[in-house]
Structures are given as C-alpha cells and as structure tokens.
Undergrad: 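Would you mind keeping the following structure in view while I ask a few things?
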Amino acid sequence: MNLAIIGTGYVGLTTGVCLSDVGHTVFCVDNDIKKINMLKKGKIPIYEPDLEEILKRNVRKKRLFFTSSIKEVVKKTEVIFICVGTPPREDGSADLSYIEDVATAIANNMDSYKLIVDKSTVPVETGKRVETTIKRNLKKDVPFDVASNPEFLREGTAVHDTMHPDRLVIGVSSKKAENILKQVYKPLKSTILVTDIKSAELIKHASNSFLATKISFINAVANICELCGADVEKVAEGMGLDKRIGRAFLNAGIGFGGFCFPKDLEAFLWISKQLGYNFDLLKSVKTINENQKKTFVKKIEDALWNLKGKTVAILGLAFKPNTDDMRFAPSITIISELQQAGAKIKAYDPKAQERAKEILKNVTYCRTPYETVKGADCLAILTEWEDVKNMDLSKVKKLLKHPIIIDGRNVFDPEKIKSLGFVYKSIGR
Ligand code: UGA
C-alpha cells in the first residue's frame with residue numbers, strides 16, 4: 001500500500017521506517033527541510049537502536065521516501081498518518097495547532113478518497129475536530145474518513161515495540177476505514193482492537209496515565225520501605241507475581257520523565273477538568289513524582305552534609321537508558337537543585353551528553369564514568385545505562401574522594417556494594 005506519514009519525530013519516523021520494512025511504500029513528510037535532507041542521506045536525527053539501519057535498507061529498496069511537500073504525498077497516497085507533535089501549553093493542555101495545520105493542508109490537496117489517521121497523542125474528541133477542519137477546507141466534494149490509531153512505542157525500544165506491539169488500537173467510524181487499517185497492519189500479525197474514535201483516543205491517555213500511576217505508586221511504597229526498613233525490590237517482586245498486577249513498571253527510582261508521561265498526565269488532567277471530572281488521583285501521581293526528585297537531592301545532601309563547594313559526579317542524564325532524549329529528564333531538576341545548593345557537577349551520559357549541554361550549564365562533562373568520578377565527593381546514578389551497571393567498582397572506589405554512591409535506579413546489590421566498602425544509598429531499601 002502507499003502510505004503517508006506526516007511528522008518525522010520518534011513516532012512518525014519509527015512508524016514510517018517499520019511500515020516500509022514490512023512491504024508498504026511509505027512517504028514521510030516534515031516541514032523541517034534540514035531534517036528531510038538528513039533523512040534522505042540515511043541519517044537519523046535521534047539515537048534509537050536499529051532504526052538507522054532499517055531506514056537505509058528501505059531507502060535502498062525504494063520503499064521509503066522523504067519530502068517536505070504535503071501536497072505531493074496527499075496526491076500519491078490513500079492512507080495518511082498524522083504524527084506531528086502535540087507539545088504542552090502553559091496550562092497543561094496539548095497544543096493541537098500542528099494537527100490543525102496538517103488537517104488543513106491535507107484537505108486543501110485532496111482530490112480522491114483519503115483515510116486520515118491520527119497517531120499523535122491527542123485529547124479525546126480531537127478526531128471530531130480533525131473531521132470538521134477537513135470538511136471546512138475541502139476544495140471539492142471528496143469522501144474521506146478520520147481514524148484514531150494511538151501509538152504505544154517506547155523510546156529506546158521503538159523498533160521492537162512497533163514490529164511486535166502488544167496490541168494495535170484502531171478507532172474508526174466506518175467499516176471501510178477499519179478494513180483499510182487492518183490491511184495496513186496485517187503483516188505485523190498483532191492483536192487488533194477496533195473501537196470508536198473517542199475510545200481509541202482515551203486508551204492512549206488512560207494507558208500512559210496508568211503506567212505513570214504504577215511508577216508513582218511504587219515510589220510511594222519505596223518511601224514507606226525506607227521508613228520501616230523493608231526492601232521495595234522484594235515488595236515489587238511479590239506484588240508483580242500476581243498476574244493481575246504484573247512486575248513491569250514497578251521499578252522505584254527518581255521518578256518518571258521523558259516527553260510522554262509528564263505531558264500526557266497534564267493533558268489528561270486538563271481534558272478531565274474540561275469534561276467536568278476532577279481526576280484527583282492523577283494529581284497525586286504528579287506530586288509523588290515531583291517529590292521523588294527532591295527526596296533524591298536530600299539523600300545526597302544527607303550523605304555530604306553541606307553541598308556548598310562539594311563535587312557530585314552524575315552518571316546518566318537521559319530520562320532512561322538507550323535514548324539521547326533529555327526532555328523532562330529528572331536529571332534536569334536534580335542537577336539544578338544541587339547547583340543551587342552550591343554543589344559542583346561533573347557528568348557523563350553515553351548518548352545524551354550533547355543534548356544535555358544545551359540545557360544544563362556550568363557542568364563539567366566527561367568522556368567516561370571513571371573520568372567523572374575522579375576526585376568527586378560522591379557518585380549519584382540517575383540513569384541505568386549498561387556501562388554504568390558494568391563499571392569496575394574497585395576502580396570507582398579508588399577514584400572517588402569518598403566512597404559514597406547514591407543510586408537513583410537501584411542498579412547495585414546493596415550487600416555486595418557495602419562489602420566493597422562503599423557508603424551506599426538507593427531507593428526504598
Ligand atoms: C512511554 C510509554 O511506555 C509508551 O507506551 C508510550 O508510547 C510513550 O510513553 C509515548 O506516549 O510516546 P517512554 O516515555 O518512551 O514510553 O518511556 P518508558 O519506558 O515508559 O519510561 C518513562 C519513564 O518512566 C522513564 O523516565 C523511566 O525511567 C520511568 N520508569 C519506567 C520508572 O521510573 N520505573 C519503571 O518501572 C518504568
């Protein structure tokens with residue numbers, strides 16, 4: 001099939017690349033010409049395992065094309081996926097102006113039936129808005145359908161998640177739209193849930209908010225564990241063995257970050273309020289998440305007494321491993337608070353360092369974990385990268401000024417690390 005993908009961010013690019021790899025002909029559009037030129041040369045603007053290789057393969061096979069012209073692709077394709085950003089506005093609501101712009105541009109160039117599929121994360125009832133926008137801007141009377149097809153891929157495992165999704169959700173209002181989308185996704189052999197458009201839109205916000213709730217729940221339990229001397233890892237294991245709960249997303253830490261959970265939580269709260277429902281539970285999820293970062297800074301302060309003039313070595317800056325994404329990374333708040341208290345920061349991240357430099361100033365960026373810990377008063381772990389997990393700890397001990405590790409991701413076994421002579425504080429144990 002001939003497919004159009006509008007917007008080449010994480011979701012659009014991964015979807016476009018993967019759908020071309022399963023045999024479709026895909027035209028990816030972005031109004032950022034620099035980005036399009038880069039993609040045409042087979043280079044991706046983000047760090048995402050396997051994505052560049054698959055992109056190159058499909059460009060070579062002439063199944064994957066990049067352009068900045070919506071007009072050109074609307075003419076060539078029947079199914080158009082909207083994958084543009086929906087960034088947060090000051091009041092927490094999602095800025096849907098890019099969606100409106102794209103819907104208008106599609107309508108202006110339609111001369112035959114099109115299925116317009118929204119893949120961007122949007123509040124419930126956006127599908128209706130897209131439909132109205134298209135109707136208003138059509139140049140001639142052509143039939144079309146609007147559908148919602150939320151995306152559940154995670155950064156760092158985006159290719160795997162797209163190729164092997166737990167489920168595909170398609171929200172449609174016609175049998176024709178349902179059949180077309182089923183045909184698009186047939187090669188993935190995944191479970192497809194067909195719903196109405198509003199329910200599909202809600203599934204995305206509800207899923208992300210539920211996962212965020214799981215994380216805040218276990219972080220709250222971790223705080224109780226610290227107060228009474230229990231071990232959150234064991235508690236999570238015991239809870240997770242119950243199939244109704246599951247072990248996933250019960251890793252206590254410094255709180256969730258990234259461009260999805262914090263913004264989707266805000267947007268879900270906002271839309272709930274608009275609809276007349278006070279979603280207090282989500283407010284608590286947010287508060288627990290904010291406090292988790294503050295509690296971590298306190299742990300460092302407790303270990304060092306006064307932060308003024310002390311050097312803290314930070315390992316990991318990205319909001320999670322296997323990504324270079326720094327958006328809403330907990331490291332931003334934690335490092336800023338440490339700096340405000342007078343601490344000097346040395347930092348290392350295997351992939352996110354360049355992006356971090358644009359956000360976090362007055363930081364000494366290092367090339368290796370060992371260079372980072374050298375001479376520092378303590379080590380703080382913020383992202384569970386493999387090369388942090390695999391460090392030679394005896395070397396780390398020799399290089400640190402004092403053998404103190406504050407671990408925000410529970411990377412090490414407390415008993416083992418204490419036996420090596422470290423002062424070790426982690427989360428909830
Ligand atoms: C999340 C969802 O997992 C995806 O399903 C969704 O498609 C995506 O948002 C989106 O809406 O685009 P992502 O933000 O890439 O994916 O990353 P996650 O793996 O979900 O991690 C989010 C944050 O939660 C990270 O900061 C991570 O460190 C934290 N986390 C995750 C925990 O603190 N504990 C856990 O047990 C799991």
Side-chain angles (χ1 to χ4, degrees), residues 7 9-15 46-49 51 83-88 94 119-123 149-162 164-169 201 203-222 232-233 235-237 239-240 245-268 285-286 288-290 292-293 296 316-334 349 352 381-385 388 407-411 426-428:
Y10 271 100
V11 168
L13 188 59
T14 312
T15 306
I46 46 172
Y47 173 75
E48 185 60 45
L51 192 60
C83 304
V84 293
T86 52
K119 216 176 218 320
S120 305
T121 300
V122 293
N149 172 216
E151 181 50 59
F152 303 103
L153 66 80
R154 289 161 299 174
E155 291 179 21
T157 50
V159 170
H160 177 271
D161 293 349
T162 308
H164 311 280
D166 285 350
R167 82 303 205 185
L168 288 156
V169 173
E201 289 169 337
I203 288 170
K204 174 68 189 183
H205 267 161
S207 299
N208 270 6
S209 300
F210 187 75
L211 290 169
T213 305
K214 268 190 111 174
I215 300 169
S216 277
F217 188 90
I218 202 66
N219 280 335
V221 172
V232 75
E233 298 289 325
V235 177
E237 194 182 338
M239 287 169 66
I245 300 173
R247 176 63 182 83
F249 279 71
L250 286 182
N251 295 321
I254 48 174
F256 54 81
F259 201 54
C260 302
F261 287 171
K263 113 179 139 58
D264 291 354
L265 203 61
E266 287 289 354
F268 202 22
V285 170
K286 204 176 119 182
I288 293 171
N289 200 51
E290 291 310 315
Q292 209 59 14
K293 291 176 259 188
F296 188 73
L317 296 165
F319 80 100
K320 66 175 204 173
N322 293 322
T323 180
D324 60 353
D325 201 342
M326 281 296 295
R327 291 175 296 176
F328 296 98
S331 64
I332 301 173
T333 315
I334 291 169
D349 188 288
I381 298 171
L382 303 193
T383 320
E384 64 278 35
W385 283 98
V388 174
D407 180 358
R409 299 292 187 174
N410 289 357
V411 166
S426 52
I427 309 289

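For this chain, numbers begin at 1 and follow the sequence in order. As the structure lists them, so they are numbered: ligands from 1, and atoms in each ligand from 1.
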Undergrad: Within 45° of the ring axis of Phe261 and under 6.0 Å from its six-membered ring centre, is that where the NZ or CZ of Lys263 lies?
TA: no
Undergrad: Would you please write out the protein residues whose heavy atoms approach any atom of ligand 1 to under 4.0 angstrom, listed by chain and number?
TA: Glu151, Phe152, Leu153, Arg154, Glu155, Lys204, Asn208, Ile215, Phe249, Leu250, Asn251, Phe256, Gly257, Cys260, Phe261, Asp264, Phe319, Lys320, Arg409
Undergrad: So, using side chain to side chain contact (heavy atoms under 4.5 Å, CB included) as the criterion, who are the partners of Ala94 when residues are at least two apart?
TA: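 Once residues adjacent in sequence are excluded, the partners of Ala94 under the side chain to side chain contact (heavy atoms under 4.5 Å, CB included) criterion are Thr86, Leu96, Pro123.
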Undergrad: For Val388, run the side-chain contact (heavy atoms from CB on, under 4.5 Å) check against Ile381, Thr383, Leu382, Asp349 and tell me which one passes.
TA: Ile381
Undergrad: Any donor and acceptor pair, going by atom type alone, linking the side chain of Thr162 with main-chain N or O of Thr14 inside 3.5 Å?
TA: no
Undergrad: Kindly write out the residues that satisfy salt bridge (charged side-chain N to carboxylate O under 4.0 Å, His left out) with Asp325, not counting sequence neighbours, or none if the list is empty.
TA: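 Here the qualifying residues are Arg327.
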Undergrad: Can you sort out the partners of Lys119 under side-chain hydrogen bond (donor to acceptor under 3.5 Å, both in side chains), two or more places apart, ordered by chain and number?
TA: Asn149, Glu151, Tyr185
